[in-house]
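Here is the structure we will look at.
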Protein chains: 4
Amino acid sequence: MSAQPRTARGVETRSRILRAAEDVFAELGYTEASVSRITDRAGVGQGTFYLYFDSKLDLFNELVEDLNRRVRHAMAEGAASAPDRISAEREGFAAFFRFTAEHPALYRVVREAELVSPEALRLHYTRIVEGYIEGLDQAHGAGEIGDIDTTVAAWALMGIGEMIGMRWVLWGSNGTGEGGGDADPTASGTSAVPEHVLDEMMRFIGGALGRPAAEPTKEEES
Amino acid sequence: MSAQPRTARGVETRSRILRAAEDVFAELGYTEASVSRITDRAGVGQGTFYLYFDSKLDLFNELVEDLNRRVRHAMAEGAASAPDRISAEREGFAAFFRFTAEHPALYRVVREAELVSPEALRLHYTRIVEGYIEGLDQAHGAGEIGDIDTTVAAWALMGIGEMIGMRWVLWGSNGTGEGGGDADPTASGTSAVPEHVLDEMMRFIGGALGRPAAEPTKEEES
Amino acid sequence: MSAQPRTARGVETRSRILRAAEDVFAELGYTEASVSRITDRAGVGQGTFYLYFDSKLDLFNELVEDLNRRVRHAMAEGAASAPDRISAEREGFAAFFRFTAEHPALYRVVREAELVSPEALRLHYTRIVEGYIEGLDQAHGAGEIGDIDTTVAAWALMGIGEMIGMRWVLWGSNGTGEGGGDADPTASGTSAVPEHVLDEMMRFIGGALGRPAAEPTKEEES
Amino acid sequence: MSAQPRTARGVETRSRILRAAEDVFAELGYTEASVSRITDRAGVGQGTFYLYFDSKLDLFNELVEDLNRRVRHAMAEGAASAPDRISAEREGFAAFFRFTAEHPALYRVVREAELVSPEALRLHYTRIVEGYIEGLDQAHGAGEIGDIDTTVAAWALMGIGEMIGMRWVLWGSNGTGEGGGDADPTASGTSAVPEHVLDEMMRFIGGALGRPAAEPTKEEES
DNA sequence: AATGAATGAGAGTTCATTCAT
DNA sequence: GATGAATGAACTCTCATTCAT
């Protein structure tokens with residue numbers, strides 16, 4: 001029933017709907033976000049929606065896929081220029097937090113996906129984790145990190161990022177969820193979480209991943 | 001409008017509704033779970049619901065509170081007899097995973113809370129994290145762990161538990177969400193995640209928390 | 001989802017909806033008859049409809065069944081006091097035409113059933129035909145009619161009744177479908193079709209069913 | 001708004017739409033058959049439809065007219081070579097049943113016409129009946145049939161044909177509507193209803209129409 | 001001639017909640 | 001204490017039709 005647009009006008013209309021949907025889903029979540037609210041925001045008729053999407057769920061899945069692609073792109077870009085794995089991890093997280101701050105939809109939409117489209121949720125997390133695993137395997141091969149199970153570690157990293165992101169990005173620095181007048185959290189080059197939180201988080205992760213040769217918390221200490 | 005029951009019969013009716021609600025919310029999520037489905041499952045009339053709860057949301061909040069109380073109780077009990085912090089952490093997580101396996105509602109309900117009742121969600125996580133912080137602070141005071149920011153670490157632990165729980169408890173060992181014929185995951189004394197995952201996860205956490213002197217749980221000791 | 005009413009008030013409401021539905025279906029047909037129009041006419045809220053019927057189709061099927069029961073009852077009653085099969089046939093048809101005149105829904109609803117609920121349609125015709133067959137078999141056994149295939153004859157009678165009814169009852173005496181100011185067609189004891197049409201129709205049928213003793217078409221002929 | 005095509009290409013397009021419409025109406029009925037489904041099946045754009053038809057109803061009326069023309073042509077052709085009225089009747093019915101078997105649209109579309117376009121329905125039946133009347137009048141003049149009211153008889157014949165056709169052609173030999181693996185019902189020269197049903201039906205009609213002297217079609221003749 | 005884009009009205013259906021009994 | 005009846009707003013989705021290209 002739905003179809004790809006075949007004219008430039010159609011392409012424009014379809015993307016207007018997608019952009020409106022991202023906003024509305026982020027604000028209201030899947031259930032509360034009605035098709036009519038989306039089309040209102042997009043400035044198109046209600047019937048137009050069904051020209052390009054089979055259903056509200058169809059649009060939702062597409063949106064999750066899209067966000068996933070974009071957040072992974074942002075993370076990869078952030079990590080690209082890092083000299084070693086630990087820096088790469090740090091820059092990847094910083095990029096993730098910035099993306100979250102700019103696109104709160106990521107959180108809202110993905111978390112609700114659990115109920116709406118479990119498969120979409122699984123794909124989202126799995127794809128990100130696969131990126132972590134790859135990076136960790138390389139780092140391990142290069143002797144940058146300890147002898148760990150990279151799969152378990154990758155899921156742990158995923159969880160850390162999600163929870164720290166919820167606590168300090170979504171809820172704001174004071175943890176009340178009421179925003180907090182932070183300095184612009186989206187400024188590129190900085191992180192959307194307070195610097196010291198990122199520092200501590202990376203210290204936590206650094207310890208977790210282990211150091212290959214001389215482990216400073218151990219023998220060298222004292 | 002709602003009221004506490006005044007008779008034994010009322011107490012029974014109210015708790016029948018609560019138990020039914022846990023099942024129905026876990027199965028369908030907040031939005032899809034209709035009041036009539038809950039009262040049907042509870043075996044009471046639709047009007048009876050409003051004798052004990054102001055609204056569907058009221059019931060939801062109460063349910064989240066209740067689950068939070070129970071999961072913290074289970075974790076505390078699991079950790080109670082541990083000789084040191086790292087063991088306590090391990091037993092706490094194991095208890096958390098068992099609780100999750102037995103009450104999938106914890107995941108479903110809590111994750112949806114983000115959209116339905118953000119305050120309930122914040123309270124839920126914050127309370128668990130406070131328990132972590134307390135434990136970490138004590139451990140730090142006792143010289144069991146390194147010199148870390150216990151708040152950041154606590155949120156990281158929260159995230160690790162949530163994500164590992166989703167991946168290995170909810171989705172099953174194969175990560176497909178289709179169950180996998182695992183041995184009874186609720187058997188007390190064991191964990192609901194594969195033993196080696198729990199091992200690796202604790203190694204990860206052990207490294208993260210840092211060890212001031214030597215690591216007492218492994219072979220290098222003595 | 002739908003349920004039988006459990007109180008007197010519910011019984012009354014449900015039957016109000018049924019009566020309204022018969023009117024509205026007769027006027028507009030299945031497709032044009034919206035649930036909201038039915039509930040408006042019944043003077044109940046739209047949601048009330050779904051307390052007693054699963055769907056519009058559910059109601060439709062129930063209505064066809066009900067009409068079928070009533071028309072067969074009317075026909076049987078009409079034919080009951082007839083001295084022989086041919087008179088019984090005549091009185092049965094007369095009753096059928098009166099019923100049609102009083103309940104145009106019979107026609108409208110049943111003819112649309114072909115598309116909406118084919119099974120309902122089949123049941124409707126089959127049940128009426130079964131009554132014909134039974135009567136014809138008895139008449140044959142009693143030597144009142146000729147040696148015919150009663151099944152084929154019964155379906156033929158069904159068709160004759162339906163078509164004559166459409167032409168002279170529904171469309172009126174002038175066949176324009178615009179009514180015709182006929183004398184009250186529902187007066188009991190009379191037929192809803194002009195007397196001479198009924199006469200001719202019965203002469204047609206009488207010839208068709210054959211005469212038992214001196215049957216001119218076969219052996220006894222010259 | 002609609003117009004007759006002015007080019008060969010237009011003629012082809014218009015007839016593509018008509019053929020598609022016959023299929024779709026036959027399958028789904030008037031209401032369920034959407035214009036877009038018809039244009040999809042025809043392989044033309046949605047807007048093209050309105051180049052040749054004013055509205056969906058306009059197309060429907062045209063289709064009924066067309067089917068009516070074709071079925072009457074088929075019946076007249078079937079009856080053309082018959083030596084007497086009764087044979088003509090038989091061959092006409094046989095042709096009617098074959099047409100019905102080949103074009104189920106006749107039934108579906110015409111029966112729904114009652115609600116969609118009553119005038120179209122009336123015209124359809126009336127035209128066929130006029131053919132019957134003409135034939136019966138001639139036969140009566142020729143002394144082939146008894147002294148009957150040919151108008152009433154014609155409507156009765158119409159009803160018989162319709163009902164026998166529904167029962168044995170549309171529903172199949174077993175009357176379940178599920179088809180029944182009959183031998184090809186469209187083979188010309190045979191009837192689409194079982195031979196014995198046609199025989200019995202004609203015996204019924206033969207008796208109904210009355211024979212002035214002796215029955216010329218059977219073995220006692222000559 | 002042909003068509004894809006666009007639309008708003010309206011469809012059937014669900015549901016949290018109120019109320020009389 | 002308990003409950004069935006009732007409701008109207010809101011939902012997702014369909015469709016005949018118009019129009020610019």
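Because the structure is predicted, anything quoted here is derived from the model rather than measured. Throughout, protein chains are lettered first and strands after them, A, B, ... in sequence-line order, and every chain is numbered starting at 1.
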Could you state the atom-to-atom distance from [atom1] of [X] to [atom2] of [N] in whole Å?
X       : N      : atom1 : atom2 : value
A:Leu28 : F:dA10 : CG    : P     : 14 Å
A:Gln46 : F:dT12 : CD    : P     : 8 Å
B:Tyr52 : E:dT18 : OH    : P     : 17 Å
C:Asp40 : E:dG12 : CG    : P     : 12 Å
C:Leu59 : E:dT13 : CG    : P     : 11 Å
C:Leu57 : E:dG12 : CG    : C1'   : 12 Å
D:Ile38 : F:dA16 : CD1   : C1'   : 11 Å
B:Glu32 : E:dC15 : CD    : P     : 7 Å

Under 4.0 Å between any heavy atoms, over every strand shown, what does [X] touch: base, sugar-phosphate, or nothing? Just pick one.
X       : answer
A:Thr7  : sugar-phosphate
D:Thr39 : nothing
A:Ala8  : nothing
A:Thr13 : sugar-phosphate
D:Gly45 : sugar-phosphate
A:Pro5  : sugar-phosphate
B:Thr48 : base

Minimum-distance nucleotide (side-chain atoms of [X] versus [options]):
X       : options               : answer
A:Val44 : F:dT3, E:dT13, E:dT7  : E:dT7
A:Arg37 : F:dT12, F:dC11, F:dA5 : F:dC11
B:Leu51 : E:dA1, E:dA16, F:dA2  : F:dA2
B:Tyr50 : F:dT7, F:dT12, E:dT17 : E:dT17

Closer than 4.0 angstrom, basic N to acidic O: yes or no for [X] and [Y]?
X       : Y       : result
C:Asp23 : C:Arg19 : no
B:Glu27 : B:Arg37 : no
A:Glu22 : A:Arg70 : yes

Review point. If each of A:Val11 and D:Arg6 is mapped to the nucleotide of DNA chain E with the nearest heavy atom, which maps nearer the 5' terminus, i.e. the 5' end?
Key: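 Result: D:Arg6.
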Check your understanding: On DNA chain E, nearest-nucleotide positions of C:Val35 versus D:Phe49: which is more 5'?
Key ->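 Its nucleotide being nearer the 5' end, the pick is D:Phe49.
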Review point. Does CD belonging to D:Glu12 count more than 12 external heavy atoms closer than 6.0 Å?
Key: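 More than 12 within 6.0 Å, yes.
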Check your understanding: Closer to the 5' end of DNA chain F via nearest nucleotide, is it A:Tyr30 or C:Gly43?
Key ->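 That would be C:Gly43.
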Review point. According to a strict under-4.0 Å criterion, is C:Arg9 in side-chain N/O contact with OP1 or OP2 of F:dG4?
Key: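 The answer is no; no side-chain N or O of C:Arg9 sits under 4.0 Å from OP1 or OP2.
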Practice item. Compare side-chain N and O positions of D:Ser36 against OP1 and OP2 of F:dC15 and report whether any pair is under 4.0 Å apart. Key: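 Indeed not, no polar side-chain atom of D:Ser36 lies that close.
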Check your understanding: Is F:dA20 paired to anything, Watson-Crick or G-U wobble with both distances less than 3.5 Å, and if yes, which nucleotide?
Key ->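 F:dA20 is paired with E:dT3.
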Review point. Nearest heavy-atom pair of D:Thr31 and D:Lys56: which atoms, and what distance?
Key: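 Scanning both residues, the minimum pair turns out to be O-NZ, 3.5 Å.
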Practice item. Take the angle between the ring planes of D:Tyr125 and C:Trp171 and call it parallel below 30°, perpendicular above 60°, tilted in between. Key: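 Rings of D:Tyr125 and C:Trp171: tilted, as their planes differ by 30° to 60°.
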